[in-house]
Amino acid sequence: TRSTQQLRSHAHSMHRIKQIVSHLQVGDDERSRRNATSASARVPLALREIRAKFHLPTYKMKIIQKELYSEMEKGLAGKEWSSVLMLPSYVLRRDVEGKSGEYFALDLGGTNFRVLKLVLKDSKVVDAQQAKFRIPLEHVNGKNACADGLFGFIADSVKTFIKDSSVSFPPLGFTFSFPMTKNSLNSGILVRWTKAFITKNTVGKDVCKLLNDKLSDRGINMGVTAVINDTVGTLVTEFFKDDRAMLGVIIGTGFNVAYWEKIGNIPKYLKQCPNANPSHTMCINMEVGNFDSPHMKVLKYISNEYDAQVDNKSPNKKLGLVEKMVSGLYMGEIARLALKDLKAAGVISGLNGKLEKKNGFPAWHLSACIGDDTLSLNKISKILKKEYGVTSTLEERQAFAMVCKWVALRSARLAATIIGSVVQHTGYEWDCTVAIDGSVFEKTPGYPQLLQEAFKDLFGDQPFNIRCVLTKDGSGKGAGLSAALMS
(Lines give C-alpha, C1' and ligand atoms only; values in the text may rest on other atoms or scores of the structure.)
Protein backbone atom coordinates (compact mmCIF):
# COMPACT_ATOMS: atom_id res chain seq x y z
CA THR A 1 0.00 0.00 0.00
CA ARG A 2 0.94 3.63 -0.33
CA SER A 3 1.15 4.09 3.45
CA THR A 4 3.47 1.05 3.69
CA GLN A 5 5.68 2.48 0.96
CA GLN A 6 5.82 5.80 2.78
CA LEU A 7 6.84 4.07 6.02
CA ARG A 8 9.57 2.14 4.22
CA SER A 9 10.67 5.33 2.48
CA HIS A 10 10.82 7.20 5.77
CA ALA A 11 12.69 4.35 7.47
CA HIS A 12 15.23 4.16 4.65
CA SER A 13 15.77 7.91 4.69
CA MET A 14 16.17 7.98 8.48
CA HIS A 15 18.61 5.04 8.28
CA ARG A 16 20.68 6.94 5.72
CA ILE A 17 20.72 10.06 7.87
CA LYS A 18 21.72 8.00 10.91
CA GLN A 19 24.59 6.56 8.87
CA ILE A 20 25.76 10.06 8.04
CA VAL A 21 25.39 11.27 11.63
CA SER A 22 27.28 8.18 12.80
CA HIS A 23 30.00 8.98 10.30
CA LEU A 24 30.22 12.44 11.84
CA GLN A 25 31.42 10.85 15.06
CA VAL A 26 34.76 9.92 13.50
CA GLY A 27 37.41 11.45 15.75
CA ASP A 28 39.73 14.22 14.67
CA ASP A 29 42.79 12.02 15.35
CA GLU A 30 41.52 9.29 13.08
CA ARG A 31 40.56 11.88 10.46
CA SER A 32 44.09 13.29 10.62
CA ARG A 33 45.60 9.84 10.25
CA ARG A 34 43.55 9.33 7.14
CA ASN A 35 45.00 12.57 5.80
CA ALA A 36 41.59 13.50 4.45
CA THR A 37 42.05 15.98 1.64
CA SER A 38 39.25 15.06 -0.73
CA ALA A 39 35.88 16.86 -0.82
CA SER A 40 34.12 13.71 0.39
CA ALA A 41 36.26 13.73 3.54
CA ARG A 42 35.58 17.41 4.16
CA VAL A 43 31.80 16.92 4.09
CA PRO A 44 31.39 15.11 7.44
CA LEU A 45 33.80 17.50 9.14
CA ALA A 46 31.79 20.53 8.04
CA LEU A 47 28.54 18.93 9.16
CA ARG A 48 30.06 17.88 12.46
CA GLU A 49 31.15 21.45 13.13
CA ILE A 50 27.65 22.76 12.38
CA ARG A 51 26.07 20.17 14.64
CA ALA A 52 28.37 21.10 17.53
CA LYS A 53 27.36 24.76 17.25
CA PHE A 54 23.70 23.89 17.96
CA HIS A 55 24.28 21.20 20.59
CA LEU A 56 22.54 21.90 23.92
CA PRO A 57 23.41 19.13 26.39
CA THR A 58 21.64 18.54 29.69
CA TYR A 59 24.36 20.06 31.87
CA LYS A 60 24.07 23.35 29.98
CA MET A 61 20.29 23.24 30.43
CA LYS A 62 20.91 23.01 34.18
CA ILE A 63 23.24 26.02 34.06
CA ILE A 64 20.59 28.03 32.24
CA GLN A 65 17.93 26.89 34.74
CA LYS A 66 19.96 28.09 37.72
CA GLU A 67 20.49 31.54 36.21
CA LEU A 68 16.82 31.77 35.21
CA TYR A 69 15.70 31.18 38.80
CA SER A 70 18.03 33.92 39.98
CA GLU A 71 16.67 36.37 37.40
CA MET A 72 13.07 35.43 38.21
CA GLU A 73 13.63 36.12 41.91
CA LYS A 74 15.16 39.52 41.17
CA GLY A 75 12.37 40.36 38.74
CA LEU A 76 9.63 39.51 41.25
CA ALA A 77 11.35 41.49 44.02
CA GLY A 78 11.88 44.58 41.87
CA LYS A 79 14.81 45.81 43.94
CA GLU A 80 17.47 45.37 41.28
CA TRP A 81 17.66 45.06 37.52
CA SER A 82 16.66 41.74 35.98
CA SER A 83 16.75 40.56 32.38
CA VAL A 84 13.29 39.04 32.88
CA LEU A 85 10.83 41.75 33.84
CA MET A 86 8.32 39.47 35.65
CA LEU A 87 5.48 41.90 35.02
CA PRO A 88 2.25 41.66 37.08
CA SER A 89 -0.70 41.42 34.68
CA TYR A 90 -3.37 42.33 37.28
CA VAL A 91 -5.32 39.36 35.92
CA LEU A 92 -6.26 37.13 38.87
CA ARG A 93 -6.91 33.41 38.93
CA ARG A 94 -10.64 33.31 39.64
CA ASP A 95 -13.58 30.99 39.29
CA VAL A 96 -14.74 31.15 35.66
CA GLU A 97 -18.20 29.74 36.29
CA GLY A 98 -21.26 31.72 35.20
CA LYS A 99 -19.63 34.16 32.77
CA SER A 100 -22.11 35.26 30.11
CA GLY A 101 -22.55 38.25 27.82
CA GLU A 102 -20.84 40.09 24.96
CA TYR A 103 -17.16 40.98 25.09
CA PHE A 104 -14.94 42.73 22.57
CA ALA A 105 -11.25 42.09 22.04
CA LEU A 106 -8.42 43.78 20.16
CA ASP A 107 -5.27 41.88 19.21
CA LEU A 108 -2.04 43.71 18.33
CA GLY A 109 0.97 41.43 18.21
CA GLY A 110 2.49 42.05 14.82
CA THR A 111 1.69 43.68 11.52
CA ASN A 112 -1.74 42.03 11.45
CA PHE A 113 -4.33 43.53 13.79
CA ARG A 114 -7.67 41.94 14.74
CA VAL A 115 -10.97 43.04 16.23
CA LEU A 116 -13.18 40.36 17.80
CA LYS A 117 -16.62 40.05 19.35
CA LEU A 118 -17.21 37.12 21.72
CA VAL A 119 -20.53 35.89 23.06
CA LEU A 120 -20.24 33.83 26.24
CA LYS A 121 -22.87 31.60 27.81
CA ASP A 122 -22.02 29.78 31.03
CA SER A 123 -18.32 30.57 30.49
CA LYS A 124 -18.23 29.04 27.02
CA VAL A 125 -17.74 30.95 23.78
CA VAL A 126 -20.91 30.26 21.80
CA ASP A 127 -20.26 32.80 19.05
CA ALA A 128 -17.19 34.64 17.80
CA GLN A 129 -16.81 37.18 15.02
CA GLN A 130 -13.63 38.82 13.90
CA ALA A 131 -12.04 41.01 11.25
CA LYS A 132 -8.36 41.25 10.31
CA PHE A 133 -6.56 44.38 9.26
CA ARG A 134 -2.99 44.64 7.98
CA ILE A 135 -1.17 47.58 9.54
CA PRO A 136 0.63 49.67 6.91
CA LEU A 137 4.38 49.43 7.42
CA GLU A 138 4.55 53.21 7.50
CA HIS A 139 3.02 52.95 11.00
CA VAL A 140 5.33 50.09 12.07
CA ASN A 141 8.87 50.92 11.01
CA GLY A 142 8.54 53.73 8.51
CA LYS A 143 10.57 56.88 8.76
CA ASN A 144 7.58 58.79 10.15
CA ALA A 145 6.01 55.93 12.16
CA CYS A 146 4.42 57.47 15.25
CA ALA A 147 1.77 56.85 17.92
CA ASP A 148 -0.89 59.00 16.24
CA GLY A 149 -0.68 57.02 13.03
CA LEU A 150 -0.59 53.56 14.62
CA PHE A 151 -3.37 54.03 17.18
CA GLY A 152 -5.41 56.09 14.76
CA PHE A 153 -5.32 53.15 12.34
CA ILE A 154 -6.39 50.77 15.14
CA ALA A 155 -9.32 53.02 16.09
CA ASP A 156 -10.38 53.26 12.45
CA SER A 157 -10.31 49.46 12.24
CA VAL A 158 -12.51 49.16 15.33
CA LYS A 159 -15.01 51.59 13.83
CA THR A 160 -15.08 49.61 10.60
CA PHE A 161 -15.78 46.41 12.54
CA ILE A 162 -18.53 47.59 14.87
CA LYS A 163 -20.24 49.79 12.25
CA ASP A 164 -22.11 51.44 15.08
CA SER A 165 -20.37 54.17 17.03
CA SER A 166 -23.29 54.34 19.49
CA VAL A 167 -22.39 51.09 21.25
CA SER A 168 -22.07 51.90 24.95
CA PHE A 169 -18.87 50.80 26.65
CA PRO A 170 -18.93 47.00 26.45
CA PRO A 171 -16.08 45.15 28.25
CA LEU A 172 -13.04 45.46 25.99
CA GLY A 173 -9.88 43.40 26.27
CA PHE A 174 -6.74 44.57 24.50
CA THR A 175 -3.95 42.14 23.68
CA PHE A 176 -0.80 44.21 23.32
CA SER A 177 2.01 41.73 22.76
CA PHE A 178 4.97 43.88 23.64
CA PRO A 179 6.84 44.46 26.93
CA MET A 180 4.87 46.79 29.18
CA THR A 181 4.63 47.68 32.84
CA LYS A 182 1.25 48.08 34.50
CA ASN A 183 -0.17 50.12 37.31
CA SER A 184 -3.68 48.73 36.93
CA LEU A 185 -5.70 46.25 34.90
CA ASN A 186 -6.44 48.79 32.17
CA SER A 187 -3.10 50.55 31.87
CA GLY A 188 0.07 49.49 30.09
CA ILE A 189 3.28 51.48 29.79
CA LEU A 190 5.32 50.34 26.79
CA VAL A 191 8.83 49.35 27.87
CA ARG A 192 10.28 48.76 24.42
CA TRP A 193 9.23 47.65 20.98
CA THR A 194 10.05 44.17 19.61
CA LYS A 195 9.24 42.33 16.34
CA ALA A 196 10.65 45.10 14.12
CA PHE A 197 8.32 47.84 15.48
CA ILE A 198 10.05 51.20 15.94
CA THR A 199 6.97 53.44 16.17
CA LYS A 200 7.96 56.75 17.78
CA ASN A 201 6.32 58.61 20.69
CA THR A 202 5.13 55.40 22.32
CA VAL A 203 7.88 54.02 24.58
CA GLY A 204 7.20 55.11 28.15
CA LYS A 205 3.57 55.96 27.42
CA ASP A 206 0.29 54.28 28.36
CA VAL A 207 -0.88 52.44 25.26
CA CYS A 208 -4.42 52.19 26.67
CA LYS A 209 -4.67 55.97 26.92
CA LEU A 210 -3.23 56.37 23.42
CA LEU A 211 -5.90 54.01 22.11
CA ASN A 212 -8.75 55.39 24.22
CA ASP A 213 -8.01 58.91 22.98
CA LYS A 214 -8.22 57.81 19.35
CA LEU A 215 -11.44 55.86 19.98
CA SER A 216 -12.95 58.93 21.63
CA ASP A 217 -11.82 61.18 18.75
CA ARG A 218 -13.83 58.97 16.39
CA GLY A 219 -16.95 58.94 18.57
CA ILE A 220 -16.58 55.31 19.59
CA ASN A 221 -18.04 54.75 23.08
CA MET A 222 -15.58 52.09 24.07
CA GLY A 223 -12.58 51.96 26.40
CA VAL A 224 -10.04 49.34 27.43
CA THR A 225 -11.21 47.17 30.37
CA ALA A 226 -8.12 44.97 30.53
CA VAL A 227 -4.83 45.10 28.66
CA ILE A 228 -2.77 41.92 28.45
CA ASN A 229 -0.19 40.38 26.17
CA ASP A 230 -0.64 37.33 23.96
CA THR A 231 1.04 35.01 26.45
CA VAL A 232 -1.33 35.96 29.28
CA GLY A 233 -4.23 35.62 26.84
CA THR A 234 -3.12 32.13 25.88
CA LEU A 235 -3.04 31.05 29.52
CA VAL A 236 -6.45 32.56 30.29
CA THR A 237 -7.99 30.95 27.20
CA GLU A 238 -6.87 27.47 28.25
CA PHE A 239 -7.76 28.17 31.90
CA PHE A 240 -11.40 28.67 30.89
CA LYS A 241 -11.30 25.06 29.64
CA ASP A 242 -8.83 23.44 32.06
CA ASP A 243 -8.16 24.73 35.58
CA ARG A 244 -4.89 22.80 35.61
CA ALA A 245 -3.46 25.25 33.05
CA MET A 246 -0.51 26.88 34.82
CA LEU A 247 1.54 28.33 31.95
CA GLY A 248 0.80 30.17 28.74
CA VAL A 249 3.55 30.10 26.12
CA ILE A 250 4.09 31.67 22.73
CA ILE A 251 6.51 29.93 20.36
CA GLY A 252 5.93 31.63 17.04
CA THR A 253 7.17 34.95 15.72
CA GLY A 254 8.24 35.62 19.30
CA PHE A 255 8.86 33.60 22.45
CA ASN A 256 7.47 34.29 25.91
CA VAL A 257 5.99 32.63 29.01
CA ALA A 258 3.26 33.64 31.48
CA TYR A 259 2.28 31.71 34.58
CA TRP A 260 0.20 31.86 37.77
CA GLU A 261 2.13 33.17 40.78
CA LYS A 262 1.07 33.65 44.40
CA ILE A 263 0.81 37.36 45.17
CA GLY A 264 2.76 36.69 48.35
CA ASN A 265 5.72 35.80 46.11
CA ILE A 266 5.59 39.16 44.27
CA PRO A 267 7.20 41.69 46.64
CA LYS A 268 7.14 44.52 44.12
CA TYR A 269 3.37 44.14 43.68
CA LEU A 270 2.76 44.02 47.44
CA LYS A 271 4.79 47.20 47.81
CA GLN A 272 2.53 48.89 45.26
CA CYS A 273 -0.67 47.29 46.61
CA PRO A 274 -0.05 46.56 50.31
CA ASN A 275 -3.68 45.57 50.91
CA ALA A 276 -3.61 42.81 48.30
CA ASN A 277 -4.37 39.31 49.56
CA PRO A 278 -1.05 37.39 49.45
CA SER A 279 -2.89 34.08 49.08
CA HIS A 280 -4.47 35.13 45.78
CA THR A 281 -2.84 34.16 42.51
CA MET A 282 -1.96 36.51 39.65
CA CYS A 283 -0.72 35.91 36.14
CA ILE A 284 2.89 37.04 35.63
CA ASN A 285 4.15 38.04 32.19
CA MET A 286 7.80 37.05 32.31
CA GLU A 287 9.07 38.63 29.07
CA VAL A 288 11.48 35.72 29.12
CA GLY A 289 12.57 36.19 25.51
CA ASN A 290 14.97 38.79 26.92
CA PHE A 291 16.47 36.42 29.50
CA ASP A 292 20.23 36.90 30.01
CA SER A 293 20.30 39.88 27.67
CA PRO A 294 22.58 41.70 27.09
CA HIS A 295 25.18 40.23 29.46
CA MET A 296 25.01 36.60 28.29
CA LYS A 297 26.21 35.07 31.54
CA VAL A 298 24.97 31.64 30.47
CA LEU A 299 23.81 32.10 26.88
CA LYS A 300 27.47 32.47 25.93
CA TYR A 301 27.75 28.71 26.43
CA ILE A 302 25.21 27.93 23.69
CA SER A 303 25.42 30.94 21.37
CA ASN A 304 27.30 30.74 18.09
CA GLU A 305 28.46 33.06 15.33
CA TYR A 306 25.15 32.73 13.48
CA ASP A 307 23.29 34.07 16.50
CA ALA A 308 25.74 36.98 16.67
CA GLN A 309 25.22 37.79 12.99
CA VAL A 310 21.43 37.72 13.37
CA ASP A 311 21.63 39.94 16.46
CA ASN A 312 23.98 42.44 14.84
CA LYS A 313 21.57 42.97 11.94
CA SER A 314 18.46 43.23 14.12
CA PRO A 315 16.85 46.54 15.16
CA ASN A 316 17.14 45.58 18.86
CA LYS A 317 20.77 44.54 19.22
CA LYS A 318 21.80 42.71 22.40
CA LEU A 319 18.14 42.38 23.44
CA GLY A 320 15.77 39.42 23.17
CA LEU A 321 18.64 36.98 22.76
CA VAL A 322 16.65 33.91 23.85
CA GLU A 323 13.82 34.88 21.52
CA LYS A 324 16.35 35.08 18.68
CA MET A 325 17.42 31.50 19.36
CA VAL A 326 13.92 30.05 19.78
CA SER A 327 11.37 31.90 17.67
CA GLY A 328 10.33 31.39 14.09
CA LEU A 329 11.23 34.95 13.15
CA TYR A 330 14.90 34.00 13.30
CA MET A 331 15.15 30.22 12.82
CA GLY A 332 15.14 30.40 9.04
CA GLU A 333 17.84 33.07 9.00
CA ILE A 334 20.03 31.11 11.41
CA ALA A 335 19.70 28.04 9.19
CA ARG A 336 20.52 30.14 6.11
CA LEU A 337 23.78 31.34 7.65
CA ALA A 338 24.75 27.78 8.56
CA LEU A 339 23.92 26.61 5.03
CA LYS A 340 26.15 29.34 3.63
CA ASP A 341 29.03 27.87 5.61
CA LEU A 342 28.25 24.45 4.20
CA LYS A 343 28.34 25.93 0.73
CA ALA A 344 31.72 27.51 1.44
CA ALA A 345 32.93 24.09 2.64
CA GLY A 346 31.76 22.45 -0.57
CA VAL A 347 29.01 20.40 1.03
CA ILE A 348 26.29 22.07 -1.03
CA SER A 349 26.60 24.02 -4.25
CA GLY A 350 24.83 26.31 -6.65
CA LEU A 351 22.70 28.15 -4.11
CA ASN A 352 23.18 31.68 -5.29
CA GLY A 353 20.59 34.44 -5.24
CA LYS A 354 18.07 34.06 -2.42
CA LEU A 355 20.32 32.10 -0.10
CA GLU A 356 22.89 34.89 -0.24
CA LYS A 357 20.36 37.48 0.93
CA LYS A 358 19.15 38.20 4.44
CA ASN A 359 15.97 36.25 5.27
CA GLY A 360 16.36 34.35 2.00
CA PHE A 361 15.49 31.05 3.71
CA PRO A 362 12.10 31.49 5.46
CA ALA A 363 11.02 29.43 8.45
CA TRP A 364 8.41 27.51 6.46
CA HIS A 365 11.21 26.16 4.24
CA LEU A 366 12.95 24.97 7.40
CA SER A 367 9.79 23.19 8.57
CA ALA A 368 9.31 21.63 5.16
CA CYS A 369 12.87 20.30 5.16
CA ILE A 370 12.40 18.75 8.60
CA GLY A 371 9.11 17.18 7.58
CA ASP A 372 10.32 15.55 4.38
CA ASP A 373 9.90 11.82 4.97
CA THR A 374 10.32 10.67 1.36
CA LEU A 375 13.01 8.21 0.33
CA SER A 376 14.91 10.71 -1.81
CA LEU A 377 13.83 13.80 0.13
CA ASN A 378 11.72 14.87 -2.81
CA LYS A 379 9.96 17.67 -0.93
CA ILE A 380 13.28 19.36 -0.28
CA SER A 381 14.22 18.78 -3.91
CA LYS A 382 11.08 20.56 -5.09
CA ILE A 383 11.65 23.52 -2.77
CA LEU A 384 15.24 23.93 -3.92
CA LYS A 385 14.21 23.67 -7.55
CA LYS A 386 11.17 25.96 -7.36
CA GLU A 387 12.40 28.56 -4.89
CA TYR A 388 16.14 28.60 -5.64
CA GLY A 389 16.43 27.20 -9.16
CA VAL A 390 18.80 24.46 -8.01
CA THR A 391 18.99 20.80 -8.94
CA SER A 392 20.36 19.07 -5.83
CA THR A 393 21.95 15.76 -5.00
CA LEU A 394 20.62 13.47 -2.28
CA GLU A 395 23.64 14.27 -0.10
CA GLU A 396 22.92 18.00 -0.40
CA ARG A 397 19.29 17.49 0.54
CA GLN A 398 20.34 15.40 3.53
CA ALA A 399 22.61 18.24 4.62
CA PHE A 400 19.68 20.67 4.37
CA ALA A 401 17.49 18.35 6.45
CA MET A 402 20.10 17.94 9.16
CA VAL A 403 20.90 21.65 9.50
CA CYS A 404 17.22 22.51 9.76
CA LYS A 405 16.68 19.76 12.32
CA TRP A 406 19.58 20.98 14.47
CA VAL A 407 18.31 24.57 14.47
CA ALA A 408 14.83 23.37 15.51
CA LEU A 409 16.29 20.97 18.09
CA ARG A 410 18.19 23.73 19.87
CA SER A 411 15.12 25.94 19.77
CA ALA A 412 13.01 23.22 21.40
CA ARG A 413 15.58 22.31 24.05
CA LEU A 414 16.09 25.95 25.07
CA ALA A 415 12.33 26.53 25.15
CA ALA A 416 11.84 23.35 27.20
CA THR A 417 14.55 24.41 29.65
CA ILE A 418 12.66 27.61 30.38
CA ILE A 419 9.17 26.10 30.33
CA GLY A 420 10.18 23.15 32.51
CA SER A 421 11.98 25.41 34.97
CA VAL A 422 8.94 27.65 35.38
CA VAL A 423 6.66 24.63 35.83
CA GLN A 424 9.00 23.35 38.53
CA HIS A 425 8.93 26.78 40.16
CA THR A 426 5.13 26.56 40.45
CA GLY A 427 5.38 23.16 42.16
CA TYR A 428 2.88 21.56 39.78
CA GLU A 429 5.25 19.54 37.62
CA TRP A 430 3.34 16.39 38.67
CA ASP A 431 0.13 17.62 36.95
CA CYS A 432 0.39 20.69 34.74
CA THR A 433 -1.12 21.86 31.48
CA VAL A 434 1.00 24.23 29.40
CA ALA A 435 -1.02 26.19 26.84
CA ILE A 436 1.09 26.95 23.77
CA ASP A 437 0.25 29.04 20.74
CA GLY A 438 2.45 29.89 17.79
CA SER A 439 3.51 28.63 14.40
CA VAL A 440 6.77 27.01 15.55
CA PHE A 441 4.99 24.74 18.04
CA GLU A 442 2.10 24.06 15.69
CA LYS A 443 3.82 23.66 12.33
CA THR A 444 7.38 22.48 12.94
CA PRO A 445 7.24 18.68 12.54
CA GLY A 446 8.09 16.86 15.76
CA TYR A 447 8.49 20.02 17.88
CA PRO A 448 6.10 18.91 20.68
CA GLN A 449 7.97 15.61 20.94
CA LEU A 450 11.30 17.45 21.12
CA LEU A 451 9.95 19.44 24.07
CA GLN A 452 8.96 16.27 25.92
CA GLU A 453 12.34 14.65 25.28
CA ALA A 454 14.05 17.75 26.66
CA PHE A 455 11.80 17.68 29.75
CA LYS A 456 13.01 14.13 30.43
CA ASP A 457 16.60 15.32 30.34
CA LEU A 458 15.84 18.34 32.52
CA PHE A 459 13.89 16.45 35.20
CA GLY A 460 16.02 13.31 35.17
CA ASP A 461 14.66 10.76 37.62
CA GLN A 462 12.08 13.17 39.02
CA PRO A 463 8.55 12.22 37.89
CA PHE A 464 6.62 14.84 35.95
CA ASN A 465 3.44 15.17 33.94
CA ILE A 466 3.59 18.25 31.74
CA ARG A 467 0.99 18.36 28.98
CA CYS A 468 1.82 20.83 26.21
CA VAL A 469 -1.41 21.59 24.35
CA LEU A 470 -2.01 23.76 21.33
CA THR A 471 -4.23 26.66 22.39
CA LYS A 472 -5.34 28.46 19.29
CA ASP A 473 -6.06 32.17 19.24
CA GLY A 474 -5.17 32.87 22.82
CA SER A 475 -4.09 36.31 21.74
CA GLY A 476 -7.55 37.13 20.36
CA LYS A 477 -10.06 35.30 22.50
CA GLY A 478 -7.76 35.63 25.50
CA ALA A 479 -8.27 39.40 25.63
CA GLY A 480 -12.04 39.09 25.70
CA LEU A 481 -11.91 36.24 28.21
CA SER A 482 -9.57 38.25 30.45
CA ALA A 483 -12.09 41.08 30.42
CA ALA A 484 -14.78 38.52 31.32
CA LEU A 485 -12.65 36.95 34.06
CA MET A 486 -12.04 40.32 35.73
CA SER A 487 -15.51 41.76 35.19
Side-chain angles (χ1 to χ4, degrees), residues 72 76 86-101 103 105 116 118-128 171 173 175 185 225-226 228-251 256-266 269 276-286 288 416 418-438 441-442 448 451-452 455 459 463-487:
M72 288 174 64
L76 290 170
M86 306 299 286
L87 303 172
S89 69
Y90 290 76
V91 175
L92 301 179
R93 193 171 188 261
R94 291 176 168 176
D95 188 356
V96 302
E97 294 299 322
K99 298 293 183 181
S100 299
Y103 302 88
L116 303 91
L118 307 179
V119 179
L120 269 63
K121 184 176 182 181
D122 295 329
S123 303
K124 294 182 179 180
V125 178
V126 295
D127 185 41
T175 297
L185 183 63
T225 303
I228 61 171
N229 76 340
D230 52 356
T231 324
V232 173
T234 298
L235 174 54
V236 172
T237 298
E238 189 63 30
F239 180 67
F240 263 75
K241 297 182 291 184
D242 179 0
D243 63 5
R244 296 171 298 174
M246 293 299 296
L247 273 71
V249 181
I250 298 295
I251 314 179
N256 195 17
V257 175
Y259 74 102
W260 297 117
E261 179 67 90
K262 289 286 187 182
I263 288 178
N265 295 332
I266 317 173
Y269 178 76
N277 189 330
S279 66
H280 287 177
T281 304
M282 176 182 290
C283 185
I284 290 290
N285 166 28
M286 294 183 66
V288 77
I418 292 171
I419 294 168
S421 298
V422 177
V423 170
Q424 198 165 30
H425 169 79
T426 68
Y428 284 89
E429 63 270 18
W430 50 274
D431 186 20
C432 176
T433 299
V434 177
I436 306 182
D437 196 4
F441 179 76
E442 180 182 5
L451 290 177
Q452 291 295 332
F455 290 150
F459 284 93
F464 69 94
N465 181 17
I466 303 175
R467 299 171 299 279
C468 294
V469 300
L470 178 63
T471 304
K472 294 288 290 181
D473 198 25
S475 61
K477 291 181 180 178
L481 292 175
S482 295
L485 183 64
M486 297 304 296
S487 63

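Values below: every heavy atom of this structure, side chains too, minus hydrogens, waters and symmetry copies. In what follows, residues are counted from 1 in the order of the sequence shown.
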Excluding sequence neighbours, so at least two apart, what forms side chain to side chain donor-acceptor pair (under 3.5 Å) with [X]?
| X | answer |
| --- | --- |
| K124 | none |
| D230 | S177 |
| Y428 | none |

Could you state the interatomic distance from [atom1] ([X]) to [atom2] ([Y]), rounded to the nearest 0.5 Å?
| X | Y | atom1 | atom2 | answer |
| --- | --- | --- | --- | --- |
| I250 | T231 | CD1 | OG1 | 5.0 Å |
| K262 | M282 | NZ | CE | 12.5 Å |
| N285 | E261 | CG | CD | 13.5 Å |

What I'd like to find out is whether the side chain of Y259 reaches to under 4.5 Å of the side chain of M72, using heavy atoms alone.
yes

Side-chain contact test, heavy atoms from C-beta onward, threshold under 4.5 Å: evaluate it for I228 versus V236 and give yes or no.
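A side-chain contact is absent here, since even the closest heavy-atom pair is not under 4.5 Å.
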
Quick one: closest heavy-atom pair of [X] and [Y], and the distance?
| X | Y | result |
| --- | --- | --- |
| A245 | W260 | O-NE1, 3.2 Å |
| T426 | M246 | CB-CE, 4.1 Å |
| L235 | C283 | CD2-SG, 3.7 Å |
| G474 | T237 | CA-OG1, 3.5 Å |
| F455 | C468 | CE1-SG, 3.7 Å |
| L118 | G480 | CD1-CA, 4.0 Å |

Do D437 and T234 pair up side chain to side chain, a donor and an acceptor below 3.5 Å, judged on atom types alone?
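Side-chain D/A pair, D437 to T234: absent.
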
Going by ring pair (Phe, Tyr, Trp, His ring centres under 6.0 Å), name the pairs with one or both residues in residues 464-487, residues two or more places apart or in two chains.
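Listed by first then second residue: F459-F464.
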
Evaluation steps, side-chain contact (heavy atoms from CB on, under 4.5 Å), between V96 and L481
CA-CA 9 Å; V96 302; L481 292 175; over 6 Å; no

After noting the C-alpha distance and the side-chain angles of R94 and M486, does the key distance pass the side-chain contact (heavy atoms from CB on, under 4.5 Å) rule?
CA-CA 8 Å; R94 291 176 168 176; M486 297 304 296; 3.9 Å; yes

Side chain to side chain contact (heavy atoms under 4.5 Å, CB included), paired with [X], selected from [options]:
| X | options | result |
| --- | --- | --- |
| L247 | I419, I466, T433, I436 | I419 |
| I284 | V91, L87, I266, V232 | I266 |
| L92 | L485, N277, T281, I263 | I263 |

Start with the C-alpha distance between L451 and V434, add both sets of side-chain angles, then the distance that settles side-chain contact (heavy atoms from CB on, under 4.5 Å), and finish with yes or no.
CA-CA 11 Å; L451 290 177; V434 177; over 6 Å; no

Salt bridge (charged side-chain N to carboxylate O under 4.0 Å, His left out) partners of K121, counting only residues at least two apart:
none

Does anything in residues 426-436 form a salt bridge (charged side-chain N to carboxylate O under 4.0 Å, His left out)? List the pairs, not counting sequence neighbours.
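Found R244-D431, D431-R467.
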
Any side-chain to backbone donor/acceptor pair from S123 onto K99? Under 3.5 Å, distance only.
yes

For the side chain of D122 and the backbone of G98, is there at least one donor-acceptor N/O pair under 3.5 Å apart?
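Here the side-chain-to-backbone pair does not exist.
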
Let me see the working for F240 and K477 under side-chain contact (heavy atoms from CB on, under 4.5 Å), right down to the final yes or no.
CA-CA 11 Å; F240 263 75; K477 291 181 180 178; over 6 Å; no

